[in-house]
2 protein chains.
Amino acid sequence: MPTLRQLEYLVALAETKHFGRAAASTHVSQPTLSQQLRTLEARLGVTLVERGESPVQLTPIGRELSERARKVLIGVDDLQALARRSVSGMAGTIRFGVTPTLGPYLMPTVVAQLHRAYPDMRLYIREGIPDEQIAELRRGALDMLLAPLPIAGSDLHIEPLFREPLHLVAAPDNPLCTQSLLQKTDLSGSGVLSLDRRHHFHRQAEQICGELGAELLRDYEGTSLDSLRQMAGSGIGLAILPELYLRSEVGGEDMVRRLPIADWSATRSIAAIWRSGAAYTQTYLMVAQAIASEARNMMKAS
Amino acid sequence: MPTLRQLEYLVALAETKHFGRAAASTHVSQPTLSQQLRTLEARLGVTLVERGESPVQLTPIGRELSERARKVLIGVDDLQALARRSVSGMAGTIRFGVTPTLGPYLMPTVVAQLHRAYPDMRLYIREGIPDEQIAELRRGALDMLLAPLPIAGSDLHIEPLFREPLHLVAAPDNPLCTQSLLQKTDLSGSGVLSLDRRHHFHRQAEQICGELGAELLRDYEGTSLDSLRQMAGSGIGLAILPELYLRSEVGGEDMVRRLPIADWSATRSIAAIWRSGAAYTQTYLMVAQAIASEARNMMKAS
DNA sequence: CCTTTGTGATAGATAATATCTATCAAGAAT
DNA sequence: ATTCTTGATAGATATTATCTATCACAAAGG
């Protein structure tokens, strides 16, 4: 295999057609360049230079290979340039897991912002069930994760970011919607829709229903927040929907109404998570803080 | 600057996620790979591997750079593969000079033939005045040349290839065309057209006119064989045109007629030329012989 | 919980390679 | 004919890559 230095010497000779000047431009002595060119010719098994010509001429093969060499050296220069830009850590592709109950309503803006600020960094977003994504994070298929708490694991760094309010919603013609302020007891016995049980969301819905004396409907599991909203809008039951979803273009409140309930404060805690042994944790921390900031901005705007 | 070996180690580690297996696949010991990865990180100024993780994980930057590294190594593999294919000499781009009084009527077929036989070799054809192209050959702007003889120069290898007949042509309604066999004396005093004096062709026309007692017309210098043919076809004068031109699609004899002249044997010698100190002279010789063979084939066909 | 195995890092020695200076041979320029 | 320029060769030195031996620590197994 040739060395990059040898390729440099070949390219310099192709440009200068002079052993001495090629040596000077690559900062070695002329005998070194002469010797290394010979070694390169021996390794490649071809003659690169017409000896005895004045000025020096490359052979047709030598010219062809020097063009290839130039491209290789450009590739190495690009690699080094990227490394220089990466010294801060703000580079590379971060494989980022998100729950579908949050990611689509929050991450697009954040991804665009971060890419503008750090052109060499990308978030490659992948949706999935948090528990499954935790396993993927552990085995190295993901670098970072946005997920609701709680999450257990001493080998993970958990960075709480923000709390997202959860709202109970009903169809507009539901009698509950006629009251200006509901008491929790008013909801006793109501049917509530939820996502399938693999979702964190489901468990939180179970807890809320327990508090209200409501009933978690088991015959109508939603596959997405949208299907929950549509079923709730059709009067099949109530639904618990998160704030960022309701505020998004996709969500919205044209089909359902938030129920105003006295002393209602259900929320879910969202955290960014990465492996404890990760390098570039400052980078992950910065990304996490950008997400938290955007989420707060989105929830503050009225 | 990283070394190609270090890039190999990085790519192997990205693939195996195991220092020992990466070392085995690159045929070094595990401590060597570990050390070289550390050196590479130091040179690039970035962390490529998450230490303490099990199994080994690359950082986002490490993954990005290993992709760049892979591309560089592919470039080097391609360079080596081309070198292997070039050992025979039949590779690279040969910068090939030709006279416009011959090249366009002979070289297209030869270029295609050679490229089929040797896909890694190309002839890059450039037309020009032979004397000027001889200078370009000497100073290394051309590798090879097809030109009429004589050519002087002890620093050049001259490989005579074939003789091309030259024909005197006239307009069809020229009285000379009514005779089935002309004597050279019949042409005494006739006007003959020629190319401008920089062309070898011009000098040969002068010589032929001297032999015939004809007169070289000086007010009508042609810029190409086509313009000579068209002027001759218009009755402005006679013209001397070479065999391969007359046989070509571009040339042809629809506008002019060859004059049948007793004991007519005017020809020009065509040779392939390269620098005496050139490498890969066997390649040039093979190219030259392909040209000679094609020329003979084209002139033999009736 | 203890022992064994696996993994990556470190240390010192050795092998291999790159580069140096000195000098030469040959050609070009004066 | 002499001097200068250019690329090659020789031997010495500097630098780097790789080795083996061994360590520290974590994971796996009993």
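Each chain gets a letter, A, B and so on, in the order the sequences are listed, and its residues count up from 1. Only heavy atoms go into these numbers, but all of them, side chains included; no hydrogens, no water, no symmetry mates.
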Separation of D:dA8 atom C1' from A:L13 atom CG, nearest Å, is 14 Å
**Request:** Kindly say if B:R51 contacts the phosphate of C:dA9, meaning a side-chain N or O under 4.0 Å from OP1 or OP2.
**Result:** yes
note: B:R139, atom CZ; C:dA28, atom P; distance rounded to Å ~ 18 Å
In whole angstroms, the gap separating C1' of C:dG6 from CZ of B:R21 amounts to 11 Å
Rounded to whole Å, the CG-P distance (B:L40 to D:dT16) equals 15 Å
Is any NZ, NE, NH1 or NH2 atom of the basic residue among A:R122 and B:E64 found under 4.0 Å from an Asp or Glu carboxylate oxygen of the other?
-> no
Counting only heavy atoms not in A:Q113 (residues, nucleotides, ligands), do more than 12 fall under 6.0 Å from its CD? yes
Here the distance between atom C1' of C:dA28 and atom NE2 of A:H18, to the nearest Å, is 12 Å
- Query: Salt bridge or not for B:R203 and B:D131, using N-O below 4.0 Å?
  - Reply: yes
Whether A:H157 and A:W274 hold their rings parallel, tilted or perpendicular, with breakpoints at 30° and 60°
parallel
Would you say that more than 12 heavy atoms from the other residues, nucleotides or ligands in this model lie under 6.0 Å from the CD of A:E206, or not? yes
From CZ of A:R38 across to C1' of D:dT6 the rounded distance in Å is 14 Å
Taken to the nearest whole Å, CG/A:L37 to C1'/D:dT9 is 15 Å
Expected string for nucleotides 15-23 of chain C under the B/S/- scheme (protein heavy atoms, under 4.0 Å, primed atoms plus P, OP1, OP2 as sugar-phosphate) is ---SSBBB-
Taking the basic N atoms (NZ, or NE/NH1/NH2) and the acidic carboxylate oxygens, is any pair closer than 4.0 Å for B:R51 and B:E41? yes
Rounded to whole Å, CG of B:L33 lies from C1' of C:dT7 at a distance of 13 Å
